[in-house]
Engineer: 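Would you mind keeping the following structure in view while I ask a few things?
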There are 2 protein chains.
Amino acid sequence: MNKKLDISSNINWFNQYSFFRTLDTDEQTFLIANSNKVNFDRREVLFKQNTRTSHVMFLQSGLVKIFKEGKSKKRLALKIVNPGNFIGLMSVFGDDIYQYSASAVEDSEIFMTDRSAFLNLIKKNGDFAMDIIHTLCKDGLFIFDKLMAQAYKHLPGRIANVLLYFSQDIYKSHVFEFQLTRKELAELCGTTKESFIRTINEFKNDKIINLNGRKVEIVSMNLVKILSDLG
Amino acid sequence: MNKKLDISSNINWFNQYSFFRTLDTDEQTFLIANSNKVNFDRREVLFKQNTRTSHVMFLQSGLVKIFKEGKSKKRLALKIVNPGNFIGLMSVFGDDIYQYSASAVEDSEIFMTDRSAFLNLIKKNGDFAMDIIHTLCKDGLFIFDKLMAQAYKHLPGRIANVLLYFSQDIYKSHVFEFQLTRKELAELCGTTKESFIRTINEFKNDKIINLNGRKVEIVSMNLVKILSDLG
DNA sequence: ATATTTAGGTGATTTAAATCATTTACTTGT
DNA sequence: ACAAGTAAATGATTTAAATCACCTAAATAT
């Protein structure tokens, strides 16, 4: 599950991700020397809320869910992480303890870097630091948007948000297949599975989407956007 | 309202704030040379959502409210900024456009730095960059907590949160005076003024707090914590 | 000084969504 | 192939909080 990294074979995939673009060859070599690649199976936990932070994780392939657990097994999913993005940066550099959990939604390859090595690169390379800062800001603004939606949008609006999120950010297609259960989707909308099912089936009955099990087709992107907008 | 800064008189207050601790004398001089001090009166707007970002703002004295405006004049207050903290960093480095507004809750002195000069310091001084990263992470985690509370805590729990927030983070006392109207306090709890008034008056009737206009005394900190915890 | 607006407060009513209960349809493991 | 567990779905009921309507008390403007 955990393997040492060979430098030459890794420099290549580095350059496809904008994050490592700012690192020079020495820095890339240093990063690789202080990292491992770890594979996680679907549903495996990457890290659990309330455990100590240790590594910076970068998703190479697969799909990862970020979620928070509260009292009486209530869960709220924050987002789904796409390949080419960091996982849990906010906790690693914000607290010694993870403030949320992460689990693999699909089989995933994670590039794990020692926290202190990553910190060295940030301190040494200002452009790299700025990329990280930009990402953290974007992430923060995303959460603020979710907070606003949670406070003021009704369920149809929040479900429309999530449909747009999957279609535009995750799968980049108007047809896709959820890799999450209804309960998990409900957690992403900040509601219960029953309410989620009822409301998304109304979308289906109103022919705004086609829904067959986990297969979705957005029939009227326009209506979904209007629903999201009106809240 | 806007005055040029004299270097020698400013180096002093710099050192009382941990943020500028990592800057050497040259960097401090550079920062001051690229900054102005601006005063805002109570209720004046520092920046408005959907306008272009331009400066990094640091609160020297006063109190500032960060809030987002949605459809049909719905507002959600994110937080109250204390002296010694940056205002709107997340938008300045996350987007060209402010994603939220800020207004002075009390008369406030703002130290404003040109975005590009601030960026230079981040790129040049890795420790400074790490401090900024740490702050952004903390801010992000704070919003995530609010999101969780908004999704799963009932109003009494969210009001208890806000009471703890004022008492522990803002005023650092169990007696304090709100500088906000009931409507603004409601916006900080993600509710309406009517619901806020009803619920906080229940706290008063149950002798958990004393409330007289805007004057608050937390009578049983323990009960407030329990209410916050149970949700 | 008086009018007008803004803030604080209360009661009655409605409403969105949670909760509870149960059924049916899939997966997953042995 | 079958049992057992998990996921999806739907109806009935309850509930927290929004909305609506109104009133009083301060604050601000003329």
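As the structure is a computational prediction, the values presented were derived from the model and not from experiment. Residue numbering restarts at 1 for every chain, and letters A, B, ... go by the order of the sequence lines.
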Engineer: Round to the nearest Å and state the distance from A:Phe196 atom CZ to D:dA7 atom P.
Structural biologist: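 Distance, rounded to whole Å: 15 Å.
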
Engineer: Find the distance B:Asn212:CG to C:dG8:P and express it as a whole number of Å.
Structural biologist: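 Answer to the nearest Å: 13 Å.
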
Engineer: Would you mind reading off the distance between A:Lys193 atom NZ and C:dT23 atom C1', rounded to a whole angstrom?
Structural biologist: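 Rounding to the nearest Å, NZ of A:Lys193 and C1' of C:dT23 are 12 Å apart.
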
Engineer: So, B:Gln99 versus B:Ser91: side-chain donor-acceptor pair below 3.5 Å or not?
Structural biologist: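 Short answer, no.
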
Engineer: Check whether any side-chain nitrogen or oxygen of B:Asn201 sits under 4.0 Å from OP1 or OP2 of C:dT10, and answer yes or no.
Structural biologist: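 Yes, because at least one side-chain N or O of B:Asn201 sits under 4.0 Å from OP1 or OP2 of C:dT10.
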
Engineer: Counting just side-chain N and O atoms, does B:Arg214 come under 4.0 Å of either OP1 or OP2 of C:dG8?
Structural biologist: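 For C:dG8, OP1/OP2 do have a side-chain N/O of B:Arg214 under 4.0 Å.
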
Engineer: Looking at B:Thr192, does any N or O in its side chain come under 4.0 Å of the phosphate oxygens OP1/OP2 on D:dA18?
Structural biologist: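 Yes, such a contact exists.
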
Engineer: Rounded to whole Å, please give me the gap between NZ in A:Lys183 and P in D:dA9.
Structural biologist: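 About 16 Å, once rounded to whole Å.
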
Engineer: Round to the nearest Å and state the distance from A:Leu185 atom CG to D:dA8 atom C1'.
Structural biologist: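 That distance rounds to 12 Å.
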
Engineer: What's the closest nucleotide to the B:Glu194 side chain, out of C:dT19, C:dG8, D:dT19?
Structural biologist: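 Out of C:dT19, C:dG8, D:dT19, the nucleotide with an atom closest to B:Glu194's side chain is D:dT19.
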
Engineer: Treating A:Lys153 as the side-chain partner and A:Ser228 as the backbone partner, does any N or O pair qualify as donor plus acceptor under 3.5 Å?
Structural biologist: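 Such a contact is found between A:Lys153 side chain and A:Ser228 backbone.
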
Engineer: Would one find a side-chain N or O of A:Thr191 under 4.0 angstrom from OP1 or OP2 of C:dA18?
Structural biologist: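 Yes, A:Thr191 has a side-chain N/O under 4.0 Å of OP1/OP2 on C:dA18.
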
Engineer: Side chain of B:Ile197 only, please: which of C:dA16, D:dA16, C:dT10 is the nearest?
Structural biologist: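 My answer, after comparing the listed nucleotides, is C:dT10.
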
Engineer: Let me know the distance between CZ of A:Arg75 and P of C:dA18, rounded to the nearest Å.
Structural biologist: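 It works out to 18 Å between those atoms.
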
Engineer: Is the phosphate of C:dT19 approached by A:Lys74 (side-chain N or O, under 4.0 Å from OP1 or OP2)?
Structural biologist: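 It does, given that an N or O in the side chain of A:Lys74 lies less than 4.0 Å from OP1 or OP2 of C:dT19.
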
Engineer: Parallel under 30°, tilted from 30 to 60°, perpendicular over 60°: which one fits the rings of B:Tyr165 and B:Phe142?
Structural biologist: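 Geometry flag for B:Phe142 against B:Tyr165: tilted rings.
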
Engineer: Take atom CZ of A:Arg182 and atom P of C:dC26, then tell me their distance rounded to the nearest Å.
Structural biologist: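 To the nearest whole Å, that distance equals 12 Å.
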
Engineer: What nucleic acid atoms does A:Leu155 come within less than 4.0 Å of, heavy atoms only: base, sugar-phosphate, or nothing?
Structural biologist: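 Contact class for A:Leu155: sugar-phosphate only.
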
Engineer: Determine, for A:Glu187 against A:Lys183, whether the closest basic-nitrogen to carboxylate-oxygen distance falls under 4.0 angstrom.
Structural biologist: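 Salt bridge between A:Glu187 and A:Lys183, a charged N being under 4.0 Å from a carboxylate O: yes.
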
Engineer: Name the residue closer to the 5' end of DNA chain C, choosing between B:Arg198 and B:Thr181 according to the nucleotide with the nearest heavy atom.
Structural biologist: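 Result: B:Thr181.
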
Engineer: Nearest heavy-atom pair of B:Phe176 and B:Leu163: which atoms, and what distance?
Structural biologist: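 Residues B:Phe176 and B:Leu163, closest heavy atoms: CZ-O, 4.2 Å.
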
Engineer: How long is the line joining CD1 of B:Ile200 and C1' of C:dG9, in whole Å?
Structural biologist: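 From B:Ile200 CD1 to C:dG9 C1': 13 Å.
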
